[in-house]
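Numbers here simply count residues along the sequence, with the first being 1. Owing to the predicted nature of the structure, the values given are computational and were not obtained by experimental measurement. Remember, it's 1-based here, ligands and their atoms both numbered in the order they're listed.
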Amino acid sequence: MIGYPGLAGRTIVVTGAAGGQGMREALQLSVLGANVIATDIAPTAPEDYDGTPVEYLPLDVADESGWRSLAAAVASRSAHPLRGLVNNAGITHRTRLGATARADWDRVFAVNVTGAMLGIQHLAPLMDVGSSIVNVGSVAALTAHYPAAYTSSKWALRGLTHVAATEYGPRGIRVNIVHPGFIDTPMTAGAPVMMRSTQLDLTPLERVGLADEVASVVTFLLSDAAGYVSGAEIPVDGGFSSTAGAKLLSDRLAHSALNDSPPADPALA
Ligand SMILES: NC(=O)c1ccc[n+]([C@@H]2O[C@H](COP(=O)([O-])OP(=O)(O)OC[C@H]3O[C@@H](n4cnc5c(N)ncnc54)[C@H](O)[C@@H]3O)[C@@H](O)[C@H]2O)c1
């Protein structure tokens with residue numbers, strides 16, 4: 001972990017921080033001296049914070065009254081002004097478009113898009129110059145990943161990110177989005193085996209990512225080291241989104257080259 005500047009003493013809210021990437025983000029930020037308010041839909045703090053000073057407040061990101069209460073609690077602490085928000089909470093629903101029920105579509109959008117929108121609406125007014133908001137998207141937002149509601153919601157989150165970066169930039173608030181690839185967390189533990197193996201076939205680094213590897217990019221974006229970075233989209237995906245499937249072609253050609261004789265005309269190679 002790198003010691004990024006400007007985090008010590010800053011209050012930063014992280015959503016969905018009871019497990020997975022959100023927990024690693026909360027712990028990394030705390031270790032770097034930030035005053036972390038970790039939130040999650042779970043009523044009590046997870047034991048895994050294990051003595052690291054992370055304050056825990058329950059919050060369902062889809063519930064606007066919860067955001068209102070959180071904003072009031074944060075505003076009352078003038079000693080540690082709010083300087084950061086990580087809209088990390090997210091849910092998936094792995095059905096294709098034709099099989100997606102309206103209720104599931106609405107639920108995914110309520111958490112993945114509306115939750116982030118409410119967070120920005122309620123907490124950005126408490127932020128000052130030098131603050132940073134990080135949304136957690138997905139490589140699904142860069143592709144046509146099959147879970148229809150999830151993919152569509154993450155594309156919407158990209159739009160929200162750019163709108164927010166434009167609207168809040170003049171107040172000195174930066175807004176960015178990271179796009180994790182296949183990361184080892186409870187969310188992907190339930191993914192179909194075929195999805196996992198195919199994802200790895202298409203990922204240049206040929207391994208899954210770690211929650212800490214996403215958290216360290218989020219930490220960078222929250223810090224002053226990223227002071228002139230706003231409206232950016234950063235994949236943290238082992239190269240997955242950069243290949244657009246070309247890795248499969250490359251691998252197959254390399255494999256066939258081992259078996260084939262070279263073409264008579266080198267121009268055909
Ligand atoms: N794991 C991956 O491979 C991957 C890939 C791309 C994007 N992402 C995104 O990264 C983020 C974190 O994912 P993760 O893998 O750590 O998932 P996870 O399921 O392990 O953790 C998500 C956390 O969000 C919480 N949560 C769910 N609904 C909530 C709500 N309504 N309000 C507040 N908290 C809620 C859960 O309780 C959980 O603690 C999500 O936005 C996800 O879409 C994950």
Side-chain angles (χ1 to χ4, degrees), residues 13-28 37-49 54 56-67 69-70 85-94 104 106-119 122 133-143 145-147 149-158 160-161 177-192 195-200 202-203 205 207-215 217-218 233-238 240-241:
V13 170
V14 183
T15 69
Q21 295 168 44
M23 175 182 284
R24 299 314 306 169
E25 288 151 12
L27 293 176
Q28 279 196 18
I37 300 178
T39 69
D40 202 290
I41 200 165
T44 53
E47 290 174 4
D48 292 1
Y49 291 155
V54 170
Y56 183 82
L57 295 174
L59 172 74
D60 175 351
V61 295
D63 172 19
E64 185 161 13
S65 66
W67 279 111
S69 305
L70 178 69
L85 166 65
V86 185
N87 283 312
N88 165 79
I91 56 173
T92 190
H93 184 72
R94 296 187 182 99
D104 293 322
D106 288 349
R107 189 169 51 86
V108 170
F109 269 73
V111 175
N112 294 3
V113 189
T114 309
M117 183 273 289
L118 291 173
H122 285 272
I133 296 169
V134 182
N135 293 329
V136 179
S138 169
V139 288
L142 304 171
T143 63
H145 192 36
Y146 78 93
Y150 181 77
T151 294
S152 303
S153 73
K154 293 294 188 179
W155 277 82
L157 188 58
R158 291 177 66 191
L160 176 69
T161 303
I177 186 166
V178 298
H179 294 305
F182 199 98
I183 311 297
D184 205 3
T185 69
M187 180 181 279
T188 46
M195 177 176 152
R196 186 185 188 95
S197 60
T198 306
Q199 183 87 22
L200 292 186
L202 295 169
T203 298
L205 290 185
R207 66 171 176 85
V208 298
L210 305 175
D212 267 324
E213 291 174 313
V214 178
V217 178
V218 170
E233 305 198 31
I234 304 185
V236 188
D237 65 353
F240 170 80
S241 59

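- The shortest N/O to N/O separation between Asp40 and ligand 1 falls below 3.5 Å.
- Contact check for Arg158 versus His179: side-chain heavy atoms found under the 4.5 Å cut-off.
- What sits closest to atom 6 (C) of ligand 1 on the protein, heavy atoms only, is Pro180 O, 3.2 Å.
- Here is the list of ligand 1 atoms found below 4.0 Å of a heavy atom in Gly19: 39 (O).
- Remark: the backbone N or O of Leu210 is not paired with any side-chain donor or acceptor of Asp184 at under 3.5 angstrom.
- Interface atoms of ligand 1 facing Leu59, defined by a heavy-atom separation under 4.0 Å, are 32 (N), 33 (C).
- With a 4.5 Å cut-off on side-chain heavy atoms, Asp40 and Met23 do not count as touching.
- In summary, of the residues considered (Val86, Leu85, Val54), a side chain to side chain contact (heavy atoms under 4.5 Å, CB included) with Val14 occurs for Val86 alone.
- Not close to ligand 1: His179, with no non-hydrogen atom less than 4.0 angstrom away.
- Proximity of a side-chain donor or acceptor of Thr39 to a complementary backbone N or O of Pro58 within less than 3.5 Å is not detected.
- In Met23, neither the side chain nor the backbone holds a heavy atom less than 4.0 Å from any atom of ligand 1.
- In this comparison of Asp60, Ile41, Asn88, the heavy atom closest to atom 40 (C) of ligand 1 sits on Asn88.
- Listed for the Thr114 side chain is no donor-acceptor partner under 3.5 Å among the backbone atoms of Ala62.
- Scanning all protein heavy atoms for the shortest distance to atom 24 (O) of ligand 1 gives Gly16 CA, 3.5 Å.
- Put simply, the residue from Asn88, Leu157, Asn112 that forms a side chain to side chain contact (heavy atoms under 4.5 Å, CB included) with Val136 is Asn88.
- The nearest protein atom to atom 22 (C) of ligand 1, hydrogens excluded, is given as Gly90 O, 4.0 Å; this is a heavy-atom distance.
- Below 30°, between 30° and 60°, or above 60°: for Tyr56 and Tyr49 the angle between ring planes is between 30° and 60°, a tilted geometry.
- Put simply, the side chain of Thr188 does not reach to within 4.5 Å of the side chain of Val208, judged on heavy atoms.
- In terms of N/O distances under 3.5 Å, ligand 1 is not approached by Val111.
- Here the side chains of Met117 and Asn87 are not in contact, with every heavy-atom distance at 4.5 Å or above.
- Note: an N/O pair closer than 3.5 Å links Val61 and ligand 1 by distance alone.
- Regarding atom 19 (O) of ligand 1, its nearest protein heavy-atom neighbour is Met187 CB, 3.5 Å.
- The nearest heavy-atom contact from the protein to atom 4 (C) of ligand 1 is Gln21 NE2, 3.6 Å.
- Applying the 4.0 Å criterion to heavy atoms of Pro186 picks out, from ligand 1, the atoms 20 (O).
- Of all the heavy atoms of Thr188, the ones lying under 4.0 Å from any atom of ligand 1 belong exclusively to the side chain.
- Applying the 4.0 Å criterion to heavy atoms of Gly137 picks out, from ligand 1, the atoms 7 (C), 8 (N), 9 (C).
- Comparing Val208, Ile91, Asp63 by heavy-atom distance to atom 28 (N) of ligand 1, the nearest is Ile91.
- A donor-acceptor pair under 3.5 Å is absent between the side-chain atoms of Thr92 and the main chain of Tyr150, judged by distance alone.
- Of all the atoms in ligand 1, the ones that sit under 4.0 Å from a non-hydrogen atom of Tyr150 are 6 (C), 7 (C), 8 (N), 9 (C), 42 (C), 43 (O).
- Between the side chain of Thr151 and the main chain of His145, a donor-acceptor pair closer than 3.5 Å is present.
- Atom numbering of ligand 1 starts at 1 in the shown order; those under 4.0 Å from a heavy atom of Val136 are 9 (C), 10 (O), 11 (C), 41 (O).
- The ligand atoms of ligand 1 that sit less than 4.0 angstrom from a heavy atom of Gly181 are 2 (C), 3 (O), 4 (C), 5 (C), 6 (C).
- Atom CZ of Phe182 and atom CG of Leu202 lie 12.0 Å apart (nearest 0.5 Å).
- Side-chain atoms of Glu64 never come within 3.5 Å of backbone atoms of Leu118 as a donor-acceptor pair (strictly under, hydrogens ignored).
- Taking every heavy atom of Phe182 and a limit of under 4.0 angstrom, the matching atoms of ligand 1 come to 3 (O).
- For atom 3 (O) of ligand 1, the closest non-hydrogen atom of the protein is Ile183 N, 2.8 Å.
- Given atom 35 (C) of ligand 1, the protein heavy atom at minimum distance is Ala89 CB, 3.9 Å.
- In terms of protein heavy atoms, atom 1 (N) of ligand 1 is closest to Thr185 OG1, 3.1 Å.
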